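By convention in this document, chain letters (A, B, ...) are assigned in the order of the sequence lines, proteins followed by strands, and residues within each chain are numbered from 1. What you are looking at is a predicted structure, and each value in this text was computed from that prediction instead of being measured.
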There are 2 protein chains.
Amino acid sequence: MKKREKISEAVIKRLPIYYHCLKWLENDGITRVSSNIISGMLNVTASQVRQDFSNFGEFGQQGYGYDVAFLKNQIAAILGLDKRYNVIVIGAGRIGEALASYKGFKNEGFDFIAAFDIDTKGRDMIGDVPLYHYDKLEEFAKDNRIDIAVIAIPAESCKEVAAFIKKLDIKSIWNFAPVFLYMGEDIAVENINMSESLFMLVYKANNLIKEK
Amino acid sequence: MKKREKISEAVIKRLPIYYHCLKWLENDGITRVSSNIISGMLNVTASQVRQDFSNFGEFGQQGYGYDVAFLKNQIAAILGLDKRYNVIVIGAGRIGEALASYKGFKNEGFDFIAAFDIDTKGRDMIGDVPLYHYDKLEEFAKDNRIDIAVIAIPAESCKEVAAFIKKLDIKSIWNFAPVFLYMGEDIAVENINMSESLFMLVYKANNLIKEK
DNA sequence: TAGATTGTTAATCGATTAACAATC
DNA sequence: TAGATTGTTAATCGATTAACAATC
């Protein structure tokens, strides 16, 4: 992997898309692909595909294209998907429950090791994941490596919980609370903002016909 | 509202953010705001704020700024949030259940009127929303106006269900299946792709220290 | 070899930022 | 009026696309 300068957000956003595309090709038994074919499968130009990849190294061969399995692994490595991650969920409401119970994450390298809530409602598990009172989080964090904390609680307490997560020295927050969370330089945050997405959908639908 | 040419995605993506910001100001009893203050609250420049708004009209006053309530309503109207929408959920698994049960949408103008699944598991409601067998969808669509269909099913059947939704003449799809759905010009789609978001998070976390 | 396709440089396009006249 | 802040034009910055030499 080439030494990377500063890769733009736009490029990074496309990496998971390439990754999925390559996984799909691999599942189909296809071993070889060109930037042109990728361009046809996704909403990108062939030029963009080559430009994007060349940020990280030279993964292809002139006259041949790219080896699907090799390229997939390279992109996985760039994204950090060659490692496993320990994940906890804060908030055992419906969203927290859905996330903790979803079986698909394990395949991708994400192990959901615990869930926490201020009210466990008598449950001690959600799906296969042990559920603890939120009070136990600090102790749990001492005894376990936690890579990612999922926030799945109402907006009100989101910032407070995020600050606590930072204090526990967890480096990544996946935020489902309807709040745009910005935590500064030394902690990674991704916000899933459903209502923003829903509003965008409505805008798009209302402007379908007008656009040409 | 000014006659709009072609507004860029980048601008549209910021509208829901402005909207939330203004709602927040309004709740706080603040009646007046400048582009400079908005810039301070969000991750945008004052210039960008004014540039964005001016795509749709002249909402401010020199020397004064913007009236919060007025601006909020203008943006709501641009997004189409001045109307109500009928929503159905396809898939009564954990995600579908979480969405159908979430009370917050009603406030924003979204009425969840029904859910459908190929296996209702003996339930006839999820939350306050009636649950029907998927077979009943076509009939239901004849008797009811459906503005938005939420897809909350596994990846495999997503495209098929999406095609059926299109056939029913529903104009918007909010897709939670882990598939990038592209449906062409005459139907609006928003994809909530959780695994892409999770991958981005991992990339960000792995590149925190290196960046500067 | 001839054909195909990469990686990269240069050209274009679009979005963001800066600046400022207009004006409340 | 003087100060503040808009809406807009021009300048800058960055990302996308096109083109092509290198080479498998």
Any side-chain N or O of [X] below 4.0 angstrom from OP1/OP2 of [N]?
X     : N      : answer
A/Q48 : D/dT17 : yes
A/R32 : C/dA4  : no
A/Y66 : C/dG7  : yes
B/S35 : D/dT6  : yes
B/R50 : D/dG7  : no

Is there a Watson-Crick or G-U wobble partner for [N] with both distances under 3.5 Å, and which nucleotide is it?
N      : value
C/dA19 : D/dT8
C/dC13 : D/dG14
C/dC24 : D/dG3

Just compare [options] and give me whichever is closest to any side-chain atom of [X].
X     : options                : value
A/A10 : C/dC24, C/dT16, D/dT16 : D/dT16
B/E58 : C/dC24, C/dT8, D/dT8   : D/dT8
A/S8  : D/dA15, D/dC24, C/dT16 : D/dA15
B/S54 : D/dT6, D/dG7, D/dT23   : D/dG7

Between A/Q51 and B/G60, whichever has its closest DNA chain D nucleotide further toward 5' is B/G60

Rounded to whole Å, how long is the line connecting atom [atom1] of [X] with atom [atom2] of [N]?
X     : N      : atom1 : atom2 : result
B/Y64 : D/dG7  : OH    : C1'   : 18 Å
A/F53 : C/dT5  : CZ    : P     : 15 Å
A/N55 : D/dA15 : CG    : C1'   : 11 Å
A/F59 : D/dT23 : CZ    : C1'   : 19 Å
B/I7  : C/dT16 : CD1   : P     : 13 Å
A/Q62 : C/dT6  : CD    : C1'   : 4 Å
B/E9  : D/dA15 : CD    : C1'   : 16 Å
A/F70 : C/dT6  : CZ    : P     : 14 Å

| Base, sugar-phosphate, or nothing: which does B/S47 touch, judged by heavy atoms less than 4.0 Å apart? | base

Next item on the list: Answer with base, sugar-phosphate or nothing: what part of the nucleic acid does A/T45 contact at a heavy-atom distance below 4.0 Å?
Entry: sugar-phosphate

Pair A/N191, A/N175: side-chain N/O donor-acceptor within cut-off below 3.5 Å = yes

Would you please say whether a donor-acceptor pair under 3.5 Å links the side chains of B/D52 and B/Y18? yes

- prompt: Side-chain contact, heavy-atom cut-off 4.5 Å: A/R32 with A/Y64?
  reply: yes

Checklist entry - Regarding A/R94 and the six-membered ring of B/Y102, is the cationic atom NZ or CZ under 6.0 Å from the ring centre and inside 45° of its axis? => result no

Would you check if the distance from the ring center of A/Y134 to the ring center of A/F116 is below 6.0 Å? no

(Q) I'd like to know whether the aromatic ring centres of A/F59 and A/Y66 sit less than 6.0 Å apart in this structure. (A) no

